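Heads up, the thing below is written out as structure tokens.
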Amino acid sequence: MIHSKFLSLFLLPGIYISAQHQFQINDGSDHYKVKINVENCDKEECQGNATIDLYEKKTSKLLQTLKSDDLNFYLNENQKPTVNIIQLYNEQSPLIFDDFNFDGTEDLAIRNGNESGYGGPSYDVYVFNITKKQFVLSEELTGLAHDNLGMFNTDSERKRLITYSKSGCCWHLTTEYSVLPQRGLFKVYELEEDATGGEKVKVTKREFINDKWITNVKTYPINEYYKEN
């Protein structure tokens, strides 16, 4: 069982389990109830081929069925899945509901294996298409959730998507993207922390301001920097 390292794991109400590796999630979304059928489960973990049935809350009508080749996730002490939890290096739920493209509609990320950085969780990311009234796979957003350290974070106030990557113990990169209508992702910020020298940290901030990149570089003693940050 994974234990929390950075954030306290919280559980949403209305989640319960039935037989045959079937889980029903009632309160993970504002608009949908979910039924998960997954191939393999033991006392701590489920994995393998899975189907995710989405039902409209208002009508209880089946809206869409999505699939995952490996819906890998851990069970809590009550043998239940979590939902909407994203913890760097720790718990990441099988389903994440949020508005990833900031168009006012709820989108969905579905865990699919462990193909992100350092064998971390990877996700297929679907955005809701109002015209089709269906969830449609976004290759760009799915790429973000495969090429970095697990699922990206969503900052709804600033309308930014935030990714994290690393190389070994001592080099970290935080990247922020804005989502431009009809154009897709646009990188607007990078924070690079390079402590590979051992005694100092070289901190490079890059921001896209007024149609150009502004770069600021500072160096800090390693103990001083990580004590403050």
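The shown structure was predicted, so the numbers you read here are calculated from the model rather than taken from an experiment.
- When side chains are defined from C-beta on, Phe152 counts as touching Phe100, because their heavy atoms get closer than 4.5 Å.
- For the atom pair CZ (Arg206) and CD (Glu192), the distance works out to 5.0 Å, reported to the nearest 0.5 Å.
- Rounded to the nearest 0.5 angstrom, His146 NE2 and Leu141 CG are separated by 12.0 Å.
- Heavy atoms only, all atoms of each residue included: Pro81 and Leu75 are closest at N-CD2, 4.0 Å.
- A continuous path of ILVMFWY side-chain contacts below 4.5 Å connects Leu137 to Ile110, so both sit in one hydrophobic cluster.
- Using cut-offs of 30° and 60° for the angle between ring planes, the Phe186 and Phe208 rings count as perpendicular.
- Side chain to side chain, Asp124 and Thr142 fail the donor-acceptor criterion of an N or O pair below 3.5 Å.
- Cluster membership for Leu95 and Val136, using ILVMFWY side-chain heavy atoms within less than 4.5 angstrom, is not shared.
- The distance from the OH atom of Tyr220 to the NZ atom of Lys200 is 13.0 Å, given to the nearest 0.5 Å.
- Atoms NZ and CG, from Lys202 and Asp194 in turn, are 7.0 Å apart once rounded to the nearest 0.5 Å.
- Checked against a 6.0 Å centroid threshold, the rings of Phe135 and Tyr126 do not count as neighbours.
- Asn40 places no side-chain N or O within 3.5 Å of a backbone atom of Cys46 that could act as its donor or acceptor partner.
- Taking CG from Asn26 and NZ from Lys35, the interatomic distance works out to 10.0 Å, rounded to the nearest 0.5 Å.
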